[in-house]
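Quick caveat, the model's predicted, so the values are computed rather than measured. In what follows, every heavy atom counts, from backbone to side chain, and hydrogens, waters and symmetry copies are set aside.
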Amino acid sequence: ESLSDETRFALGFLNKINHGVVEAPLSRYYGAWLQEPSDKAKKEIEDAVKVFAAFSALWRAAHGGTDGIDSVYRKIMQSGVGDIFSPLARTSGITSHTENELPSIVDVAQGMRHLLGNSKTNRFSTCEEWIALSAERPIYDEQEQLAKFLLLLAGHGAIADGDTGLTKDGNLSDNNNLLRDERYPSDDRLATLEHVAPQTFEGKGWSTGLYSTGALVHSIGNLTLLPIDDNSFVSNRSWAHKRILYRVLSARDPEEAEQILNSAKDMGLQLAPDRVRYLLARRQHLPFLEAIARYEGEWDENFVRMRSRHLLERAWRILDRWLSPSMQ
């Protein structure tokens, strides 16, 4: 209970993806804290959670799945990483009872970076290299929880950057402080992944280029987060009509939301009176949608590619920090 919000957020991600393979290395740092519950030992636990969450998220996004990640964790338990850090296993063999010295999480983080940069496939060491491997993956089809995690990372501390459809750093508030564990199980506003352009092409003003590869429409640049009820209602509409509904859902003032709905009739968005009443009655301010709602341009393949790169770059900044724990 005394772990930081950010640590519990990272732990929530590992739990959501059922990433039990990290239990073994994490138990070493928890065991060290049990033996000596100091501030230093607690910091090692917190850093370890974030190091392994960052490593696993970066690996999964670049590789399109687990792709040998269990073997990586077994390796670091059995043999460590070269001369960077020694084995994380408590003892060296079945009959040995001599406890191995626990490596500093700073050294472990350095070793995990080495593994990312020297993988047999899809290796990367920089943000640009990682984005090149991850930006056009159909992450929705492959790993929904990872997609949600990366969207939350990208949205942390973010505000709409004018009408560009992208975001920029803003003042941290309750609305954009997303690195908290309750964002996973209990924040209804962020419950589901929504495809901005529908999963299957049905015309209605969407660019055919989004569907030419079969992967781009499922990439992170075409995804956002919505409540369950709003997701089912918004999906499979035209971009013009979706943008109106995003504006309603992200409006700060209930009167503003009502005005938007009233003017929507002029743009051909016909809603039954009971649906209008329903939307206004249960409307929640969804700041996560503000950047999309303000965007006046075409939602096409070029914009989705640009948005994917933008979101991943913002997510990288946090994951890179998690993989850079300090001795302090």
At their closest point, which heavy atom of [X] faces which heavy atom of [Y], and how far apart are they?
{"X": "W322", "Y": "A54", "result": "CB-CB, 3.9 Å"}
{"X": "N222", "Y": "L216", "result": "CB-O, 4.1 Å"}
{"X": "T91", "Y": "N100", "result": "C-ND2, 3.5 Å"}
{"X": "L146", "Y": "A61", "result": "CD2-N, 3.6 Å"}
{"X": "H63", "Y": "S119", "result": "CE1-OG, 3.4 Å"}
{"X": "P198", "Y": "V217", "result": "O-CG2, 3.3 Å"}

If we only count heavy atoms from C-beta on, is the [X] to [Y] side-chain gap below 4.5 Å?
{"X": "L193", "Y": "L226", "answer": "no"}
{"X": "E46", "Y": "P325", "answer": "no"}
{"X": "D300", "Y": "F303", "answer": "yes"}
{"X": "E6", "Y": "L11", "answer": "no"}
{"X": "W33", "Y": "K40", "answer": "no"}
{"X": "W299", "Y": "L210", "answer": "yes"}
{"X": "L152", "Y": "L225", "answer": "yes"}
{"X": "L116", "Y": "S125", "answer": "no"}

Requested in this report: With side-chain hydrogen bond (donor to acceptor under 3.5 Å, both in side chains) as the test, would you mind laying out the steps for W239 and E298 before giving the verdict?
Outcome: CA-CA 8 Å; W239 167 229; E298 291 297 321; 5.5 Å; no
Strictly distance-based, threshold 3.5 Å: is any side-chain N or O of [X] a donor or acceptor partner for the main-chain N or O of [Y]?
{"X": "S238", "Y": "H241", "result": "yes"}
{"X": "N118", "Y": "H114", "result": "yes"}
{"X": "T66", "Y": "I69", "result": "no"}
{"X": "D141", "Y": "S219", "result": "no"}
{"X": "H218", "Y": "R137", "result": "no"}
{"X": "Q143", "Y": "R60", "result": "yes"}
{"X": "S308", "Y": "G221", "result": "yes"}
{"X": "H156", "Y": "L178", "result": "yes"}
{"X": "S27", "Y": "A24", "result": "yes"}
{"X": "K43", "Y": "S326", "result": "yes"}

Within a 6.0 Å radius of atom [atom1] on [X], are there more than 12 heavy atoms belonging to other residues, nucleotides or ligands?
{"X": "Q199", "atom1": "CD", "value": "yes"}
{"X": "Y211", "atom1": "OH", "value": "yes"}
{"X": "E36", "atom1": "CD", "value": "no"}

**Report entry** Aromatic ring proximity, centroids under 6.0 angstrom, Y246 and Y295
**Finding:**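 No, ring centres 6.0 Å or more apart.
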Report task. Kindly say whether the aromatic ring centers of Y73 and F55 come within a distance under 6.0 Å. Result ->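 Yes: the rings meet the under 6.0 Å criterion.
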Measuring from [X]:[atom1] to [Y]:[atom2], what's the distance to the nearest 0.5 Å?
{"X": "F9", "Y": "D181", "atom1": "CZ", "atom2": "CG", "value": "9.5 Å"}
{"X": "Q145", "Y": "L150", "atom1": "CD", "atom2": "CG", "value": "11.0 Å"}
{"X": "D107", "Y": "M112", "atom1": "CG", "atom2": "CE", "value": "13.0 Å"}
{"X": "I131", "Y": "C127", "atom1": "CD1", "atom2": "SG", "value": "3.5 Å"}
{"X": "I45", "Y": "L26", "atom1": "CD1", "atom2": "CG", "value": "9.0 Å"}
{"X": "K50", "Y": "L14", "atom1": "NZ", "atom2": "CG", "value": "12.5 Å"}

Under 4.0 Å between a side-chain nitrogen and a carboxylate oxygen: does that hold for [X] and [Y]?
{"X": "K42", "Y": "D39", "answer": "no"}
{"X": "R294", "Y": "D161", "answer": "no"}
{"X": "E290", "Y": "K168", "answer": "no"}
{"X": "E99", "Y": "R28", "answer": "yes"}
{"X": "R113", "Y": "D320", "answer": "yes"}

Query raised in the report: Should the ring pair W130 and W316 be called parallel, tilted or perpendicular, given that the plane angle runs from 0 to 90° and is split at 30 and 60?
Result: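 Judged by the thresholds at 30° and 60°, the geometry between W130 and W316 is tilted.
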**Report entry** E194 vs L223, side chain to side chain contact (heavy atoms under 4.5 Å, CB included): CA-CA, chis, key distance, verdict
**Finding:** CA-CA 6 Å; E194 144 85 349; L223 300 176; over 6 Å; no
Report summary line: side-chain contact (heavy atoms from CB on, under 4.5 Å) with R314: of D169, L151, L166, only one passes, and it is D169
Query - Candidate list I292, I260, L289, test side-chain contact (heavy atoms from CB on, under 4.5 Å), partner R247, passing option - result: I260
Verify same cluster id: [X], [Y] (apolar side-chain graph, 4.5 Å):
{"X": "L172", "Y": "F288", "value": "no"}
{"X": "L153", "Y": "I159", "value": "no"}
{"X": "V21", "Y": "F52", "value": "yes"}

Please output the side-chain donor-acceptor pairs of residues 75-90 that fall under 3.5 Å, not counting sequence neighbours, one pair per line with the distance.
from, atom 1, to, atom 2, distance (Å)
S79, OG, K75, O, 3.1

Query raised in the report: With R74, which residues qualify under salt bridge (Lys or Arg N to Asp or Glu O under 4.0 Å), at least two apart?
Result: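 Here no residue qualifies.
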Query raised in the report: What do the steps show when you test Y29 against V49 for side chain to side chain contact (heavy atoms under 4.5 Å, CB included), and what is the final call?
Result: CA-CA 10 Å; Y29 294 94; V49 169; over 6 Å; no
Requested in this report: May I have all residue pairs that pass salt bridge (charged side-chain N to carboxylate O under 4.0 Å, His left out) and include part of residues 118-132, sequence neighbours excluded?
Outcome: E128-R309
**Report entry** Test side chain to side chain contact (heavy atoms under 4.5 Å, CB included) applied to W206 and V196, step by step
**Finding:** CA-CA 10 Å; W206 294 106; V196 180; 4.2 Å; yes
Query raised in the report: So S207 and E301, side chain to side chain contact (heavy atoms under 4.5 Å, CB included) or not? Walk me through it.
Result: CA-CA 7 Å; S207 168; E301 58 272 26; 2.6 Å; yes
